[in-house]
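Nothing here was measured: the structure is a model prediction, and the numbers come from that model. Just so it is clear: chains get the letters A, B, ... in the order the sequence lines come, proteins before strands, and each one is counted from 1. FYI, side chains are in, hydrogens and waters are out, and symmetry mates aren't considered; it's all heavy atoms of this structure.
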Number of protein chains: 2
Amino acid sequence: MNQPLRMTKQRAAVAEALQVSDEFRSAQQLHELLRDRGDAVGLATVYRTLQALADGGDVDVLRTDDGEALYRRCARTEHHHHLVCRSCGRAVEIDGPTVEAWAAEVGSTHGFADIEHTVELWGTCAACRASADRAS
Amino acid sequence: MNQPLRMTKQRAAVAEALQVSDEFRSAQQLHELLRDRGDAVGLATVYRTLQALADGGDVDVLRTDDGEALYRRCARTEHHHHLVCRSCGRAVEIDGPTVEAWAAEVGSTHGFADIEHTVELWGTCAACRASADRAS
DNA sequence: ACCAGAGTGAGAATCGTTATCATGACTCCT
DNA sequence: AGGAGTCATGATAACGATTCTCACTCTGGT
C-alpha cells in the first residue's frame, strides 16, 4: 500500500487552482496562475503534484496535438470522455455509451488484449467563436 | 498552390522505410532504421519529411501517452482509426461507423463548432503477449 | 519540542522536435 | 555543357516540456 500524501501548502494550492475552473490547463499555465495569485509554487512541484493526482485518478490528463499535457479536475471519477475547446480549454464531460463496448469488441476480434481507448472531441466553443468573429 | 516536392534519395528512403512495415514508428526509430540499413539520412530531414507526408495526408500520426509522435503509412487515405499494439506498434486500421455521427452531434449539442475527434485503441497484440509470457 | 523522512525549489539534465545556416543537389534556360 | 536560382540536406544550436538532483524545509507522529 502507498501511504497517503502529506498535505502541504503547495499541494493544497495546486489542488485549489484545479477546483476553480472547468478548463484543461497545462502544468505551466497552472504554475503561472499560482504565481500571479501569490501562492508561488515551484514548477517541479506543480509537475509532481499533477502527476500524483493523475496517478490517483483525481485529475484527467490529455494531450494536445503537439504533445503538451493538459490537466483538469473532473466532477466524476468514473470513466468518461471530453469535448474540449481547442482555444480556451473549456471542457464538457461526455459519455460514449456505445464506444466502450465497441472498443472491447474490436480489440478481441483482432486478438489484442488489455484494450484501452482514447476518445476525445475537440472543437471551438461558442464564446471563443464569438471573440474570434469580433477580431476579424 | 504548393508545388510538388522534389523526389530525393532521402525522401525516397524515408517513404520506403514507411512502406515496409505496418507498425507505427517514431521519427527517431525511423532514423535509426535508415542508418542501420545503410541509407543514412539526417535526423532533421527525417522529421521534415514526416511532417510533409503528414501534411499531405500520406501518413497518419498519433501520440503515445507520453507525447511522442508515431507515424505510419496507411493503406487508406480516408478517415479511419487504429488499434495499436502498445509494445510493438503494430496497428490495424478500423472504422468507427457510429462514432463519426455521434461526435458531430455531441459537439453541436454543446455549441461547439469545427468538431474533430481523436479515437484510438491501444492494446497488446497476440505476438507480444506470447513473448511476454515466455519471458516470465 | 523533536526527529525521521517526505516534500520543496532552483537549476541542471533529458528528450523530442524545430530552427539555423552554410553547403550540396537539382532544374530550367540558353 | 554552363550557369543562375532554388530547393533540400545535415550538423548543430535552440527550444519547450518534463524530469532529475540535491541541499534544505516542513509535516506528522511521538
Side-chain angles (χ1 to χ4, degrees), chain A residues 1-18 23-56 58-72 84 86 89, chain B residues 1-18 23-56 58-72 84 86 89:
Chain A
M1 284 292 99
N2 44 6
Q3 60 274 63
L5 299 176
R6 275 185 195 173
M7 186 46 63
T8 64
K9 280 193 267 307
Q10 327 20 18
R11 290 219 248 255
V14 172
E16 212 224 293
L18 284 165
E23 295 163 31
F24 273 93
R25 297 281 185 219
S26 70
Q28 320 244 8
Q29 281 178 318
L30 286 165
H31 175 240
E32 228 177 295
L33 199 149
L34 290 168
R35 166 197 301 299
D36 293 350
R37 184 206 277 207
D39 310 301
V41 175
L43 181 54
T45 301
V46 173
Y47 273 105
R48 272 186 298 244
T49 305
L50 288 172
Q51 179 132 327
L53 289 171
D55 288 349
D58 294 318
V59 299
D60 283 6
V61 193
L62 55 80
R63 299 249 167 205
T64 62
D65 268 349
D66 52 277
E68 192 180 12
L70 301 181
Y71 305 83
R72 180 185 193 261
V84 190
R86 63 169 73 77
Chain B
M1 283 296 100
N2 44 6
Q3 59 273 65
L5 299 177
R6 262 181 208 173
M7 186 47 65
T8 63
K9 280 190 269 307
Q10 346 349 39
R11 290 218 248 257
V14 171
E16 211 225 292
L18 283 166
E23 295 162 30
F24 272 94
R25 299 279 185 219
S26 71
Q28 319 242 10
Q29 283 179 317
L30 286 165
H31 175 240
E32 230 178 293
L33 199 149
L34 290 168
R35 165 196 301 299
D36 293 351
R37 184 205 278 202
D39 310 302
V41 176
L43 182 54
T45 301
V46 174
Y47 273 106
R48 270 188 297 246
T49 305
L50 288 172
Q51 181 130 329
L53 290 171
D55 288 350
D58 295 316
V59 298
D60 283 6
V61 192
L62 55 78
R63 299 249 167 204
T64 61
D65 269 349
D66 52 277
E68 193 179 12
L70 301 181
Y71 304 83
R72 178 183 193 265
V84 190
R86 62 169 74 76

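A/Arg63 is linked by a salt bridge (Lys or Arg N to Asp or Glu O under 4.0 Å) to nothing, counting only residues two or more places apart in sequence or in another chain. Every salt bridge (Lys or Arg N to Asp or Glu O under 4.0 Å) that B/Arg72 has, sequence neighbours left out, goes to B/Glu93. Qualifying side-chain hydrogen bond (donor to acceptor under 3.5 Å, both in side chains) partners for A/Thr8, counting only residues two or more places apart in sequence or in other chains: none. With sequence neighbours excluded, the residues forming a salt bridge (Lys or Arg N to Asp or Glu O under 4.0 Å) with A/Arg25 are A/Glu23, listed by chain and number. Shown here are the ring-ring contact (aromatic ring centres under 6.0 Å, His included) partners of A/Phe24, two or more places apart in sequence or in another chain: A/His82. For B/Ala54, the side-chain contact (heavy atoms from CB on, under 4.5 Å) criterion is met by B/Val59, B/Val61, not counting sequence neighbours.
Rounded to a whole Å, the NE2 atom of B/His31 is 15 Å from the P atom of C/dT18. Atom CG in B/Asp55 sits about 10 Å away from atom P in C/dT18, given to the nearest Å. Atom CG of A/Asp66 is separated from atom C1' of C/dA19 by 16 Å (rounded to the nearest Å). Nucleotide D/dG16 holds its P atom 19 Å from the CG atom of A/Asp65, rounded to whole Å. For A/Asp39 and C/dG9, the CG to C1' distance is 15 Å, given to the nearest whole Å. C/dC15 atom C1' lies 14 Å from atom CD of B/Gln29, rounded to whole Å. We find that CG of B/Leu34 is positioned 10 Å from P of D/dG10, with the value rounded to whole Å. Taking atom CD of residue B/Glu32 and atom C1' of nucleotide C/dC15, one finds them 14 Å apart after rounding to whole Å.
Axis angle, first five pairs versus last five pairs of the helix from C/dA1-D/dT30 to C/dT30-D/dA1: 30°, rounded to 10°.
If you find the closest nucleotide of DNA chain D to B/Val41 and to A/Gly67, the one lying nearer the 5' end belongs to B/Val41.
Counting only residues at least two apart or on different chains, the salt bridge (Lys or Arg N to Asp or Glu O under 4.0 Å) pairs with a member in residues 30-41 of chain B are B/Glu16-B/Arg37, B/Arg37-B/Asp39.
Considering every non-hydrogen atom in both A/Glu68 and A/Ser26, the closest pair reads OE2-CB, 3.3 Å.
Within 6.0 Å of the CG atom in A/Asp65, the count of heavy atoms belonging to other residues, nucleotides or ligands does not exceed 12.
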Contact state string [nucleotides 19-30 of chain D, B base, S sugar-phosphate only, - no protein heavy atom under 4.0 Å]:
BBB-----BS--

